[in-house]
Amino acid sequence: MIGLVLRFWAAYVLAYLLGAIPFALIVGKVFYKTDLREHGSGNLGGTNVYRVLGWKAGLAVVVLDIAKGAAAVAIAMLLHPTHMGAMVHDWVLIGAMIAAVLGHSYSPYIKFRGGKGVAAAAGGLLVIEPLALLILLLVFAGVIAASRMVSLASIVVAAAYPALTIALYGDRTALVAMSFFAAAIVLWRHRGNMVRIWRREEAKISYRRRETPATEDRG
């Protein structure tokens, strides 16, 4: 019994510490000599990286953030095989994904700052709900194409996620409960964006080449 409890805690602690790795800050400082906390929105996520440093850096950070979310859940899956029961297994994976998202959003490595956790959550869903993730990615891409606002796409996807989970995995109570919790976290983290969208003040992504990080407005 003690061994099982230790494995639970090991999965969650590892997921949190893995999710907390600030890839946006690392990529910015190592390859561009730029601290993303001091440019653009100051957010350590793929969108701000794209706006300040360009699409290559933005894509790299998004891929790395997705990978750490997927790795966090995969490690939990290895530590807790399915013989424990489907319901318990689902909760273990969900707990690992939430821990990774919390680590990304409140990283102990950088004084509990971070990003909004969308990419890390997507990595977790890649392991837990691959079909739902595929549909959500299509919705995400469609909203961005129509609005050029990553924040709006994230909000729409978060709002749609619980309904989609019920439709696809309605018999898995843990996944349904997690979908509402995860959606609430993402929407809460985007509350400022919602206000700016309502006021038509939200920044839109541009496909023009950025000159230098120093020209970026912190608005």
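Only a predicted model underlies this, so the values are computations on that prediction, with no experimental measurement involved.
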Has the side chain of Y16 got a donor or acceptor atom that lies under 3.5 Å from a matching backbone atom of H104? no
d(S179 OG, I94 CD1) to nearest 0.5 Å is 8.5 Å
Side chains of Y50 and V61: does their closest heavy-atom pair fall under 4.5 Å? no
Report the distance from atom CZ of F181 to atom CD1 of I98, rounding to the nearest 0.5 Å. 4.5 Å
Check side-chain contact (heavy atoms from CB on, under 4.5 Å) between F31 and all other residues, then give those that pass, not counting sequence neighbours. V27
Say whether, by atom type as modelled, one donor and one acceptor occur between the side chain of R37 and the main chain of I110 under 3.5 angstrom. no
Verify, without hydrogens or angle tests, whether N48 (side chain) and H39 (backbone) share a donor-acceptor contact under 3.5 angstrom. yes
Quick one: pull up NZ in K29 and CG in D35 and give me the separation to the nearest 0.5 Å. 4.5 Å
Any chance you could measure Y161, atom OH, to L133, atom CG, to the nearest 0.5 Å? 9.0 Å
side-chain contact (heavy atoms from CB on, under 4.5 Å) for H190 and S154? Distances and angles first, verdict last. CA-CA 8 Å; H190 284 81; S154 299; 3.6 Å; yes
Could you give the distance from CG (L36) to CD1 (I26), rounded to the nearest 0.5 Å? 11.5 Å
Restricting to salt bridge (Lys or Arg N to Asp or Glu O under 4.0 Å), what partner residues turn up for K116, sequence neighbours left out? none
CE of M194 to CG of L152, rounded to nearest 0.5 Å, is 10.0 Å
Taking only residues two or more places apart in sequence or in another chain, which ones pass side chain to side chain donor-acceptor pair (under 3.5 Å) with S151? E202
Are any of the side-chain heavy atoms of F180 and I166 separated by less than 4.5 Å? yes
Just by distance, do the side chain of S105 and the backbone of G115 share a donor-acceptor pair under 3.5 Å? yes
